[in-house]
Amino acid sequence: MNDAASPAARAATAAARAELRHDFAAAEPRWQAEWDRRGCFAVPDVPPAGAEKYYVLEMFPYPSGKIHMGHVRCYTLGDVVARYKRARGHLVMHPMGWDAFGLPAENAARERGIHPGTWTYDNIAAMRAELKRMGLSLDWSREFATCDPEYYGQQQALFLDFLRAGLVERKESWVNWDPVDGTVLANEQVIDGRGWRSGAPVEKKLLSQWFFSITKYAPDLLEALGGLDRWPERVKLMQANWIGRSEGARVRFRLTEPVEGASEVEVFTTRPDTLFGMSFLAIAAEHPLAAVAAAKNPDAAEFIAECRRMGTSEAAIEQAEKRGFDTGFRVAHPFLEGVSFPVWIANFVLMEYGTGAIFGCPGHDERDYEFASKYGLEILPVVLPPGADPATFALTDGAYVDDGTIFNSGFLDGLSVADAKRRVIDRLEATGQGTGVVNWRLRDWGVSRQRYWGCPIPVIHCEACGVVPVPKSELPVRLPEDVDFSRPGNPLDHHPTWKHVDCPSCGRPARRETDTCDTFVDSSWYFARFCSPRAEEPVTGAAVDAWLPVDQYIGGIEHAILHLLYSRFFTRGMRDTGHLTLAEPFAGLFTQGMVTHESYRAADGRWLYPEEVEISLAPDGTRSATVKGGNQPVTIGRVESMSKSKRNTVDPGAIIDRYGADTARWFILSDNPPERDMEWSEAGVAGAFRFSQRLYRMVAAAVPDLPPAGTSAAGAEGAARKLRQATHRTVAAVTEALETFAFNVAVARIHEFANTIGEAEAAAAAEHRGAARREALEAITRLAAPMMPHLAEELWSLLRPGGAALVADLPWPEADPDLLRAETLTLAVQVLGKLRGTIEVPVDADEATVFAAAAAEDNVARSIAGRPIRKRIHVPGRIVNFVV
RNA sequence: GCGGGCGUGGCGGAAUUGGCAGACGCAGCGGAUUUAAAAUCCGCUUCUGGAGUCCAGAGUGUCGGUUCGAACCCGACCGCCCGCACCA
């Protein structure tokens, strides 16, 4: 293949090429400045008529102070989409901002005495500088932080509109309470049931709080998932399960003896068909009847207190060992005369779901089975699995939860589960003991936070007038600057003056709401604000109507439920309060995987950063590690998500210093499919760096010999045509890969193409010294541009010296269909499904020709010799299979 | 515990979505160039067995099924990851 050049000649060229090095450290800032100077990525709030808009958005970062590899990955993915769509002729809006409220700023304030605002804005400045070094095609003129009063003031206006529209209400809910610190704790601040700072056992506490009425939209939020055809199926499934529509029944059980005025307990069940298999009734510890029991019995009170120590997280509740307390109360069975069951308080019954009470049917529910087994309650099967004998069927290891025939159940006997549900609901409704209902798992969204660093909720509490909205003319309700973090609790609450205001309605002394908003509220509408970030109203109609929905949203899978669901709700709320005209904010969604790395631990147990470790490879392939510059052994840990605590992080800034932004971007795209977790590897980055240099050398070395720009490559023959075919196939393949987010495949195709060009260059045949060669080099430059934008500009300036155009402004290359067609194709030939050979046939060969050629192939002929052919299978373009 | 996902060589992965498993890259080995090194270029690289570049067998977490044919579809199991409503 390479015989045209002698080894010596090749070596000489190689040496000459080695001199050609891409100086990324100089080139990258230069091109960034050039994009900036030309305002390449700035777009107007209202696009000009006829412009085909495309809105690319990555989930905005929390300003922790440093960007991490997860950011680099997410923003690189988004930037490839933005640059590609721009090349395809779209007017692309690609903004950036900061999710700037939240707990870490308050933690910094408490630990280091820095004001949360100072800490946050300093972090933003540092991260903005780092992001700018990545060469992202962002419209920085749209930047804002959610902690800017200009932003949260508009959010307060939205809150008031929601309040007026009946989308906000005040009700009581349980929070994690640290009795020592006197503070509400986030779930992540509860460790093994104790406060993370005080170590005191956490208690549940009932507080009056603000809620957004997301449940009003539950049916619509569920149904509209069906229209989100560019969302991952798994995300839609997770949301559907979270919303949790279930059909069932509410059943009222009469207490055999009324207590404290209560005469019945209402339960929700999705399995009314199993009513005859009931053996107990269980209520949540927060259920009103439990309080009645506690008042009568100190042991019940003690049990409820124990349940309160479990915290509020659903995971903690469901994973805890099932425990219960028999209240001594009894309820009557709705259909069985004289039959009654005990009422237990159970730690696995959730007050938030259904009615906070269930009837226990151990035979056909796993949790009830576990509970009944533990406390010796009866386990009566009422659903008979298909084929089982009713006389002998027994439940010995676990509940039976599948379909079957109802038995042991009076008037339901012989029915299927579905029929029995219908029949029992009819009877309950007829006798007034219950109703068929649709129940939702989704709960209203509690947005109150007893914290300083958040958006103040703009209402005033007046003893005479009740809850009074702050007049819009007085917005924003600004956070006070002078706050004291030396005391536990909410600084807004114990600020000397801030909360004392006059009632806007009656003028008498009143009290400002001191709760601030959940930071999920901030991120539930920022995508809309980006369309007109300086507007004097939350959004401007012309801008949001033109730009929304977001065409491609990109972020971590960890946001699959909450953030995305809240944003979908908020968009509906904004629609119903006249700010927007659409319901779904994100037309396309892509969820990327995490960035992971091995962790390293020294003998003394301390975690080590990757750069502190020396890895060595034994001849047998086993890897071992020592501390760099010493001999102390290091344990190589699991590959896991990068985290500060395990020190398995790689600093993007250091990578960009060493290899440049293009290399970092290229590696992060090339390693694996973007939806999967990726493992950061130093060797992989080095490989990406080598490739960027190789591309530079290849173009730079060829430029002096290329024909002038614009020379037609049409009509090329022989090797030149082969090169053109490779070029156009690569254009088609890379385009297809970018369209489907298969960026790693796009990279592989570009690698392959570079190999092909390299072979053609080495062949040094006259045919290559022509327009086909220029076409190939220009194509690879433009195909790589969304991924390595700085290098592409550099190469383009070599290929088209003196030209004014930037790659960033060029249209995407088009593949010529004529050059994509193949004349022959290779078919695999199997005998009995095993590969025995391949044949080369013309693309238009008929079946008889194909079978003849297949049977004639040496190895195939040997395999079928002497065996009668029973069946011949030919899938055109794919395969031939002989069944003998 | 519940809901969702993933699992392919030494490593990351590819596979036209049921049709040649391992493209491309990393690591490794061998060679060229070099006084030497770096850099660069070329070649080999799933495993086992036999042989000159070929042949046979096995092989996509494990076990079973459907099919002419399974990484892909179905069932069971194992392992890892994400979420569980006050982290963002």
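Throughout, protein chains are lettered first and strands after them, A, B, ... in sequence-line order, and every chain is numbered starting at 1.
- Position along RNA chain B of the nearest nucleotide to A/N241 versus A/I873 favours A/N241 as the more 5'-ward residue.
- Within the 4.0 angstrom heavy-atom criterion, only backbone atoms of the sugar-phosphate kind lie near A/R234; the bases stay farther away.
- The environment of A/K236 atom NZ is dense: over 12 non-hydrogen atoms of other residues, nucleotides or ligands sit within 6.0 angstrom.
- The separation of B/A71 from B/U60, taken at their C1' atoms, amounts to 5 Å, rounded to a whole angstrom.
- Heavy-atom distances under 4.0 Å link RNA chain B to A/R878, A/I879, A/N881, A/V883 of residues 876-884 of chain A, given in residue order.
- In this structure, of B/A88, B/G57, B/G13, it is B/A88 that holds the atom nearest to the side chain of A/Y62.
- Base contact: A/R441 has a heavy atom under 4.0 Å from a base atom.
- The phosphate of B/U16 has neither OP1 nor OP2 within less than 4.0 Å of any side-chain N or O from A/R749.
- Taken from NE2 in A/H751 to CG in A/N755, the straight-line distance is 8.5 Å, to the nearest 0.5 Å.
- Here, B/U8 and B/A36 have their P atoms 44 Å apart, quoted to the whole Å.
- Between A/L207 and A/S670, the residue anchored closer to the 5' end of RNA chain B is A/S670, taking for each the nucleotide with the nearest heavy atom.
- Contacts of A/A560 with the nucleic acid, taken as non-hydrogen atoms under 4.0 Å apart, are absent.
- As judged by a 4.0 angstrom heavy-atom cut-off over every strand, A/H559 is placed among the base-contacting residues.
- Nucleic acid contact class of A/L442 (heavy atoms, under 4.0 Å, all strands): base.
- Separating the P atom of B/A23 from that of B/A76 is a span of 35 Å, rounded to the nearest Å.
- Qualifying salt bridge (charged side-chain N to carboxylate O under 4.0 Å, His left out) partners for A/E172, counting only residues two or more places apart in sequence or in other chains: none.
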